[in-house]
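A short write-up of the structure that comes next.
Chain A is the first sequence line, chain B the second, and so forth, proteins listed ahead of strands; every chain is numbered from 1.
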Protein chains: 2
Amino acid sequence: MAKQRANIRDVAKESGVSLTTVSLIINKNDQRISEPTRQRVLDAIEKLSYTPSRLARGLPNRRANTLAILVPQLQNAFADVYFGELISGIYEEAAARGFRILLEVARRDYIKRREYMQLLEDCSVDGIFFLGATEEHKFLKEFDASDRPLLVVNNHFSQWDLHHVVCDYAAAGRDAADHLIELGHTRIAHISGPNDVVLTTRELTDAFVGRLAEHGVRLSKSMIVGGEFQVETAKLACDELLERDPDLTAIFCANDKMALGAYQSLRAQSKQPGKDVSIIGCDDIPVAALSDPPMTTVRMNFFEVGAESCRQMLKLIETKSMDGRINKRIPVELVRRASTAPIR
Amino acid sequence: MAKQRANIRDVAKESGVSLTTVSLIINKNDQRISEPTRQRVLDAIEKLSYTPSRLARGLPNRRANTLAILVPQLQNAFADVYFGELISGIYEEAAARGFRILLEVARRDYIKRREYMQLLEDCSVDGIFFLGATEEHKFLKEFDASDRPLLVVNNHFSQWDLHHVVCDYAAAGRDAADHLIELGHTRIAHISGPNDVVLTTRELTDAFVGRLAEHGVRLSKSMIVGGEFQVETAKLACDELLERDPDLTAIFCANDKMALGAYQSLRAQSKQPGKDVSIIGCDDIPVAALSDPPMTTVRMNFFEVGAESCRQMLKLIETKSMDGRINKRIPVELVRRASTAPIR
DNA sequence: GATTCGCAGTAAAATGTTTTACTGGAACGG
DNA sequence: CCGTTCCAGTAAAACATTTTACTGCGAATC
């Protein structure tokens, strides 16, 4: 009971080789170690139930083998399916590669103290994922064209040169437009996201409106209302749209939550979603399939966005190559359910 | 441009003192350092924009200044208000004390490989919070009466001797019973949680039934149905209860989600929750106040449970005193809203 | 027979802290 | 004037690894 915990020196002594040899074996860069020696060392590791210290390991090469997920301070950010799926995707991929995940909340004073930088500078973390970024997060400027490993997940920016991985929102807008056109709709409305601060939802809107125009359907500005991505605001938005055009036949909502708000609004006016008015959502969150009627929507595989973000981040860290920024688009897919129907 | 990053040695050289002095100043155990020296060192730190490396700091005393949150692998565990609030509470308190939070998911193979132990053994983490624990998590036995810093958040176990911080579920059961009695109800039912695997919800049920009995109201076994904490299963449970006793006047649900399920069930049978049948929930999640009718419920401050868990954990780590287990109960509070009414 | 090469492994430096035990000198009481 | 105490700080060990440059040796090559 001399020692609490075996270290690499103990293993070396036990198996009669040098530290270096043990280290090489642990790190699997061991072409040059012969099989018998290798086996002896592995036995010693087993016997002493040795685990290399992550702390000490990170020290020489300044690697923590840890990644941070930074989320904005929202009302229960951790209780949102959207963040939940992104985080799961990142986690899964990171865990598979032996990386740990650190959780960080970008509160006001967190940003003011530049703690995200500390994280990188004190070697706590090898890279940072930023979820839920908007154009109001001015501190991102610090990463503009910098070689600091920060990756924006599911949003992107034109004013700053950053790494990002995003769903193909333009394709989503086009898919939604094509679907409604195919069903014969012409009196169409759109409940958008916060277009003033999020580029992706602007792209969604632009692509949707643009594609409708290509098909000769004009969507006037007044039939586009912003909904802040929440059920309640979307309900109000939908009320407003129905007042402006009581005969509209289809609404494209920038996310599924807002589509549920539209359902509520319609019902309150004794209209049936999917029959009287076609509703198409965006995201395909789990409740979309379970809603009544089951929702037609554009599936955005957020889990995959998270996973791909993580793969890209790891590549970034390994290679340290700064030739160009990461700029990956994840494909989307229209899911036809019962909330859209041919025009009568 | 000789160096990338200043270290403590650079600071020492710059300010003409020894490493030790700098270290003492950084760690604020610096009674013995004179003010002028202190100032000189702080200036040097500023000038070189020096940040101590967390990795190197942890090495000598085997402290990572990091805590892990372990959650079970559930359908979108990260997208649940319950976990969200617990995590927020833990995070807040940890951040205030300079601790980082690591996220870990207890998947099947994660448990099999005992990675939670690795976490402690390789010094990645100074302590582990386990959320969403049930009696099916047999691996907890490993921490039974052990001095490993694992803390069970918002559940507890009688079969294993572990640290825990829990809401006072017994008090919640009593409060709910008292409230219904006060309103004159006698035909009462209960939709319970997964009583087979979670002790806290058994306590809730027992306290509720016990208190009713004290007031002379007998709740038969058949009027208690389990609901697995989900909206859908609770709806079915409620259907069943209404079939068994169409004249029941009140239902106590073991959480708010299930109370919402009960709302649905009642409405489907053209009964008005809060008028025809009083419903009382448990948790006071945000939607409870927003539901229709606003829900009477027992508030469980999960944020506070998380925060207190973290405080206890830090105490555990600091003192390393194993005289007794942590066993803290967080008080609950009845919130009267419109889903309960005096019997007619 | 000298030179080169590859093999299997090692010595030692480097990574950046904390902490314990020490030191030289000044003040101070007897 | 001597011993003690205090002050302000320091030297050096410890923490656990990775990595670079090296070494001895036998085999192949010229």
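- Here A:Phe130 pairs with A:His137, A:Phe139 under the ring pair (Phe, Tyr, Trp, His ring centres under 6.0 Å) rule; sequence neighbours left out.
- The shortest distance between the side-chain N/O atoms of A:Arg57 and the OP1/OP2 oxygens of D:dA16 is not below 4.0 Å.
- Across residues 42-55 of chain A, not one residue has a non-hydrogen atom less than 4.0 Å from an atom of DNA chain C.
- The distance from atom NZ of B:Lys13 to atom C1' of C:dT17 is 16 Å, rounded to the nearest whole Å.
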Interface polar pairs with nucleotides 20-28 of chain D, N/O, under 3.5 angstrom:
none

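- Residues meeting the side chain to side chain donor-acceptor pair (under 3.5 Å) test with B:Gln73, sequence neighbours left out: none.
- Between A:Ser23 and the phosphate of D:dT17, there is no side-chain N or O to OP1/OP2 separation shorter than 4.0 Å.
- Distance CZ (B:Arg38) to P (D:dG9): 12 Å, rounded to an integer number of Å.
- Rounded to 10 degrees, the angle separating the terminal axes of the helix from C:dG1-D:dC30 to C:dG30-D:dC1 is 50°, with each axis obtained from five end pairs.
- A:Leu19 has its CG atom 9 Å from the P atom of C:dA11, to the nearest Å.
- Distance B:Ile26 CD1 to C:dG16 C1': 10 Å, rounded to the nearest Å.
- Here the C1' atom of nucleotide D:dA8 and the CZ atom of B:Arg40 are 12 Å apart, to the nearest Å.
- Per the geometry, CD1 belonging to B:Ile33 stands 18 Å off P belonging to D:dC6, to the nearest Å.
- For A:Asn154, the side chain to side chain donor-acceptor pair (under 3.5 Å) partners are A:Tyr82, A:Tyr169, not counting sequence neighbours.
- Comparing B:Thr21 and B:Pro60 by the nucleotide of DNA chain D that holds the closest heavy atom to each, the one mapping nearer the 5' end is B:Thr21.
- One atom, CG of B:Leu59, and another, C1' of D:dA16, lie 6 Å apart when rounded to the nearest Å.
- A close approach under 4.0 Å does occur between a side-chain nitrogen or oxygen of A:Ser34 and OP1 or OP2 of C:dG9.
- Within the structure, ring pair (Phe, Tyr, Trp, His ring centres under 6.0 Å) contacts touching residues 83-108 of chain B (residues at least two apart or in different chains) do not occur.
- For A:Thr37, counting side-chain heavy atoms from C-beta on, the closest listed nucleotide (C:dG9, D:dA8, C:dT15) is C:dG9.
- With respect to the salt-bridge test (charged N to carboxylate O, under 4.0 angstrom), the residues B:Lys315 and B:Glu318 do not qualify.
- Each salt bridge (Lys or Arg N to Asp or Glu O under 4.0 Å) pair with one or both residues in residues 153-163 of chain A, not counting sequence neighbours, appears once here: A:Asp161-A:Arg325.
- For A:Val17, counting side-chain heavy atoms from C-beta on, the closest listed nucleotide (C:dT10, D:dT17, C:dG9) is C:dT10.
- The side chain of B:Arg62 has D:dA16 as its nearest neighbour among D:dT17, C:dG9, D:dA16.
- Of the listed nucleotides (C:dG9, D:dT18, D:dC15), D:dT18 has the atom at the smallest distance from the side chain of A:Ile8.
- The salt bridge (Lys or Arg N to Asp or Glu O under 4.0 Å) test with A:Glu14 singles out one residue from A:Arg9, A:Arg40, A:Lys47, and that residue is A:Lys47.
- Applying the ring pair (Phe, Tyr, Trp, His ring centres under 6.0 Å) criterion to B:Phe303, with sequence neighbours excluded, gives no partner residue.
- Listed by chain and residue number, nothing satisfies the ring pair (Phe, Tyr, Trp, His ring centres under 6.0 Å) test with A:Tyr110 (two or more places apart in sequence, or in another chain).
- For A:Asn7, the listed nucleotide lying nearest its side chain is D:dT17; candidates were C:dA11, C:dT17, D:dT17.
- Pairs passing the ring pair (Phe, Tyr, Trp, His ring centres under 6.0 Å) check and including a residue from residues 48-70 of chain B, sequence neighbours excluded, do not occur.
- For B:Phe143, the ring pair (Phe, Tyr, Trp, His ring centres under 6.0 Å) test picks out B:Tyr116, with sequence neighbours left out.
- Minimum atom distance to the side chain of B:Asn61 is reached by C:dT19, of the listed D:dT17, C:dT19, D:dT19.
- Whole-Å rounding puts the B:Glu35 CD to D:dA8 P distance at 11 Å.
- Counting only heavy atoms from C-beta outward, the side chains of A:Ser124 and B:Arg100 approach each other to under 4.5 Å.
- Comparing B:Ala56 and B:Gly16, the nucleotide of DNA chain D nearest to each residue sits closer to the 5' end for B:Gly16.
- For D:dA11, the OP1/OP2 oxygens have no side-chain nitrogen or oxygen of B:Ser18 closer than 4.0 Å.
- Phosphate contact (OP1/OP2 of C:dT18, side-chain N/O of B:Asn27, threshold under 4.0 Å): present.
- For the pair A:Val71/A:Glu104, no side-chain contact is recorded, criterion being any heavy-atom separation below 4.5 Å from C-beta on.
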